[in-house]
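Both ligands and their constituent atoms are indexed starting at 1 by order of listing. Note that this is a predicted model, so its numbers are computed, not measured.
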Amino acid sequence: MSDSLERLYLAVLAARDLDPATSRTARLFQRGPSKMAKKLAEEAIEVVIDAVNGDSEAVIRESADLLYNLTVLWASAGVRPEDVWREMTRREDMLGIAEKLPKSPAKLPKVASPRIASRRPIVALDGRGARKRH
Ligand SMILES: N=c1c2ncn([C@@H]3O[C@H](COP(=O)(O)OP(=O)(O)OP(=O)(O)O)[C@@H](O)[C@H]3O)c2ncn1[C@@H]1O[C@H](COP(=O)(O)O)[C@@H](O)[C@H]1O
């Protein structure tokens, strides 16, 4: 999926400077971040409504619209897909450790996996157990 989003992101960047009369993307850039945000919010609501109505085909269609409008807003905000993937990996590493976080910091794993070890150390917060995922 990340490949598709990355290709879409590049297509959005390429369309940014096209003629707004023929390119929706160029029109969104011309109208600015508040219009982009409004469209993104509208698509999110359409996904929610279709999901509540149990219309999975519509959820698929509206999710594609949602992801398109999200990549437009990313481009406008100077955010690249790889920035988001990096944050998701960081959370995955942290949550992975957090799920095994012992109550006492003294019992923190001595050596994390190479990928985790290269990240900033995770320290158990006193008095708080690992967040339970529901
Ligand atoms: N991936 C998309 C894409 N997904 C959704 N959309 C448009 O986003 C709109 C979302 O649906 P809505 O019903 O909310 O919008 P609408 O009611 O039809 O029209 P508005 O009320 O939003 O003006 C649809 O009109 C789609 O055409 C997209 N428009 C463009 N792209 C890609 O973006 C790139 C640049 O394309 P242009 O913007 O056409 O230059 C190309 O790679 C395109 O494939």
I'd like to know if the side chain of Ser76 and the backbone of Val72 have a donor-acceptor N/O pair within less than 3.5 Å. no

Taking a 3.5 Å cut-off between nitrogen or oxygen atoms, can you list every pair linking ligand 1 to the protein, with distances?
| residue | atom | partner | partner atom | Å |
| --- | --- | --- | --- | --- |
| ligand 1 | 8 (O) | Arg24 | NE | 3.4 |
| ligand 1 | 11 (O) | Asp65 | OD2 | 3.4 |
| ligand 1 | 14 (O) | Glu43 | OE2 | 2.4 |
| ligand 1 | 19 (O) | Arg24 | NH2 | 2.9 |
| ligand 1 | 22 (O) | Arg24 | NH1 | 3.4 |
| ligand 1 | 22 (O) | Arg24 | NH2 | 3.3 |
| ligand 1 | 22 (O) | Lys39 | NZ | 2.5 |
| ligand 1 | 23 (O) | Arg24 | NH2 | 3.3 |
| ligand 1 | 25 (O) | Arg24 | NE | 3.4 |
| ligand 1 | 25 (O) | Arg24 | NH2 | 3.0 |
| ligand 1 | 38 (O) | Ser23 | OG | 3.3 |
| ligand 1 | 38 (O) | Arg24 | N | 3.2 |
| ligand 1 | 38 (O) | Thr25 | N | 2.7 |
| ligand 1 | 38 (O) | Thr25 | OG1 | 2.5 |
| ligand 1 | 40 (O) | Ser23 | OG | 2.6 |

Please list all pairs passing the salt bridge (charged side-chain N to carboxylate O under 4.0 Å, His left out) test where one or both residues lie in residues 58-68, with sequence neighbours left out. none

Main chain of Val79, side chain of Asp83: is a donor-acceptor contact present, judged purely on distance under 3.5 Å? no

Pairs flagged by side chain to side chain donor-acceptor pair (under 3.5 Å) wherever residues 22-36 is involved - sequence neighbours left out: Thr25-Tyr68

For Glu87, the salt bridge (Lys or Arg N to Asp or Glu O under 4.0 Å) test, sequence neighbours excluded, returns Arg90, Arg91

Sub-3.5 Å donor-acceptor pair from the side chain of Asp19 to the main-chain atoms of Ala21, do we have one? yes

